[in-house]
Protein chains: 2
Amino acid sequence: MEVLIVEDDPLHRSYLHDAVRAALPECDAVIEADNGRSGESLARQHRSEHIVMDLQMAERNGIEAARTIWKERPNTRILFWSNYADEAYVRGVSRIVPEGAAYGYVLKSASDNKLKLALRSIFMEAQCVIDREVRGMQQKSLGTVNGFTDVEYEILIDIALGLTDRTIARRHNLSLRSVQNRLQQLYEKLNIYQRMGDDSEEGRYNLRSRAVAVAVLRKLINYSALERAEIELNEWLGAKP
Amino acid sequence: MEVLIVEDDPLHRSYLHDAVRAALPECDAVIEADNGRSGESLARQHRSEHIVMDLQMAERNGIEAARTIWKERPNTRILFWSNYADEAYVRGVSRIVPEGAAYGYVLKSASDNKLKLALRSIFMEAQCVIDREVRGMQQKSLGTVNGFTDVEYEILIDIALGLTDRTIARRHNLSLRSVQNRLQQLYEKLNIYQRMGDDSEEGRYNLRSRAVAVAVLRKLINYSALERAEIELNEWLGAKP
DNA sequence: TCTTGTCTTGCGGGATCCCGCATATTTTGC
DNA sequence: GCAAAATATGCGGGATCCCGCAAGACAAGA
């Protein structure tokens with residue numbers, strides 16, 4: 001059995017290495033990559049079936065790397081090991097995990113033991129392991145209570161990219177008015193309609209920009225989500241005509 | 001001599017500890033804090049004069065912590081040790097460093113040697129040490145060529161927060177038209193005016209939102225910058241009437 | 001002093017955005 | 001299969017945004 005580690009911080013990488021060695025005596029070889037790109041090519045080269053991957057890396061982030069790896073070999077088992085449980089990351093991961101694949105999401109702040117347990121569960125038992133806090137995130141985001149529909153999230157991304165209503169409409173094959181409906185819906189959920197100082201009459205925000213701002217502050221959007229969205233936008237722009 | 005380490009990642013914290021011990025034999029005591037808030041109180045309590053500080057921490061980020069520490073004792077020497085050289089961070093730091101204070105900015109990807117050299121230079125010689133890449137960032141941002149004026153950066157933050165033109169005008173005591181002038185200026189510098197697909201007629205972005213998007217993608221804005229800006233906005237809102 | 005350049009302000013107009021109201025169309029639940 | 005609920009669409013209008021044009025304010029420099 002062979003494990004591939006993709007992590008750009010040397011300290012964390014060697015820590016992971018030790019943890020893998022300790023948790024998986026049946027593991028013969030540990031390979032390391034220090035960014036997403038080399039992670040992809042090492043995975044392809046070794047036909048890796050067990051990967052531990054950091055999410056935020058400078059060169060090429062973990063979600064992108066995981067996506068191409070899973071596209072080639074959907075049975076690969078990947079444990080994501082990340083600093084944060086931003087909704088943007090959680091959504092990004094759960095959007096790309098293939099049907100029935102075993103994967104995990106563990107925070108770096110978790111204890112040694114938790115990490116080792118997760119390693120065994122995923123790689124040996126093919127069982128999904130999602131950190132408590134991340135799980136909470138998922139439920140909150142996918143649950144209907146305070147969460148956001150895929151549709152709402154989609155349009156949030158679109159305005160975050162700076163698209164006009166008309167462009168969004170064409171991108172999703174909708175009418176202009178429908179786009180604006182969804183926007184209203186989004187503003188409502190993000191609670192944008194509050195006045196700034198509740199004092200005088202004047203005090204509204206620019207709804208569109210404000211929505212993006214609070215989405216960022218609530219970590220519904222982060223840099224890597226925007227980066228991916230921008231790439232997808234460009235693909236669509238290229239394929240349209 | 002006593003050194004205070006403020007860093008929320010245990011691995012990095014112990015690495016820093018070792019580095020300080022090795023680089024500064026004249027250091028009797030090393031204190032550690034694992035987030036900005038406790039960092040502040042420890043600094044106050046010990047009247048720390050030598051601090052190594054991470055920038056992105058979950059509880060309370062390094063810039064905020066440094067600001068309050070410097071407000072109380074402007075002669076404190078602080079070495080910022082960060083993963084990234086985002087322009088948002090660099091600007092954030094250089095906005096709060098007091099006149100004549102010795103400080104440093106070293107990337108976590110730097111070599112052991114660089115870190116130790118920086119520690120000695122700042123703490124022993126009271127000399128500023130800025131990482132090459134960060135320095136490059138500074139020049140690019142402060143230089144007139146491709147860089148952004150404080151005025152332009154200011155209005156960028158304002159629209160990123162979701163303010164309306166009118167509110168921005170009142171916040172900076174400007175006329176509506178002047179605000180819009182500055183916006184045009186900003187759009188120009190961010191190169192927003194390109195069409196999306198250069199094919200057909202239709203293809204403009206929503207300039208305002210797009211500006212924020214490319215600013216994020218270019219790392220002129222990041223989460224922590226927006227967070228600080230939001231706090232300042234609320235202070236202004238509270239103090240206005 | 002006069003010029004030149006930068007910054008500010010006002011006016012006006014076209015484009016876009018936000019949204020209430022009314023009407024299809026689709027989905028959901030029973 | 002049908003009613004209820006959500007979703008999509010069209011129309012119209014008020015508010016905001018984007019910006020060209022032009023006139024004043026102010027500082028730097030020849």
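These numbers were taken from a predicted model, which means no experiment stands behind them. The figures that follow rest on heavy atoms only: side chains count, while hydrogens, waters and symmetry mates do not. Letters A, B, ... are given to chains in the order of the sequence lines, protein chains preceding strands, and every chain is numbered from 1.
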Asks: Nearest nucleotide by nearest heavy atom, which residue falls closer to the 5' end of DNA chain D, A/Arg177 or B/Thr164?
Replies: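 Whichever sits nearer the 5' end wins; that is A/Arg177.
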
Asks: I need the CZ-C1' distance between B/Arg204 and D/dC17, as an integer number of Å.
Replies: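 Going from B/Arg204 (CZ) to D/dC17 (C1'), I get 13 Å.
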
Asks: Ignoring backbone atoms, test whether B/Asn206 places a side-chain nitrogen or oxygen under 4.0 Å from the OP1 or OP2 oxygen of C/dC17.
Replies: yes

Asks: I need the CD-P distance between A/Gln180 and D/dT16, as an integer number of Å.
Replies: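 Whole-Å distance recorded here is 17 Å.
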
Asks: In whole angstrom, what separates B/Leu183's CG from C/dA15's P?
Replies: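 Rounding to the nearest Å, CG of B/Leu183 and P of C/dA15 are 20 Å apart.
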
Asks: Shortest non-hydrogen contact from B/Trp236 to B/Arg171?
Replies: CZ2-CA, 3.4 Å

Asks: Between B/Leu176 (CG) and C/dT8 (C1'), how many Å, whole number?
Replies: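 In whole Å, C/dT8 C1' and B/Leu176 CG are 13 Å from each other.
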
Asks: Starting at CD of A/Gln185 and ending at C1' of C/dC17, how long is that distance when rounded to a whole Å?
Replies: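 Interatomic distance, CD of A/Gln185 to C1' of C/dC17: 17 Å.
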
Asks: Keeping the roles fixed (side chain from B/Asp131, backbone from B/Leu107), state whether a donor-acceptor pair exists under 3.5 Å.
Replies: yes

Asks: Taking A/Glu64 for the side chain and A/Asn61 for the main chain, is one N or O donor matched with an acceptor at less than 3.5 Å?
Replies: no

Asks: Any side-chain N or O of A/Ser178 below 4.0 angstrom from OP1/OP2 of D/dT7?
Replies: no

Asks: Can you classify the ring geometry of A/Phe80 versus A/Tyr105 as parallel (below 30°), tilted (30 to 60°) or perpendicular (above 60°)?
Replies: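 Plane angle between 30° and 60°, so tilted.
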
Asks: Round to a whole Å and report the spacing from NE2 of B/His172 to C1' of C/dT9.
Replies: 17 Å

Asks: Scan A/Leu174 against the nucleic acid and name what it touches under 4.0 Å (heavy atoms): base, sugar-phosphate only, or nothing.
Replies: sugar-phosphate

Asks: Are OP1 or OP2 of C/dC19 and a side-chain N or O of A/Tyr193 less than 4.0 angstrom apart?
Replies: yes

Asks: Can you tell me how far P of D/dC18 sits from CZ of B/Arg210, to the nearest Å?
Replies: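 For the pair B/Arg210 CZ and D/dC18 P, the rounded distance is 15 Å.
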
Asks: Ignoring hydrogens and geometry, is there a side-chain-to-backbone donor-acceptor pair from A/Trp70 to A/Thr76 under 3.5 Å?
Replies: yes

Asks: Between atom OH in A/Tyr187 and atom P in C/dC19, what is the gap in whole Å?
Replies: 7 Å

Asks: Can you tell me which nucleotide in C/dG10, C/dG20, D/dG20 comes closest to the side chain of B/Gln184?
Replies: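 For the B/Gln184 side chain, the nearest candidate turns out to be D/dG20.
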
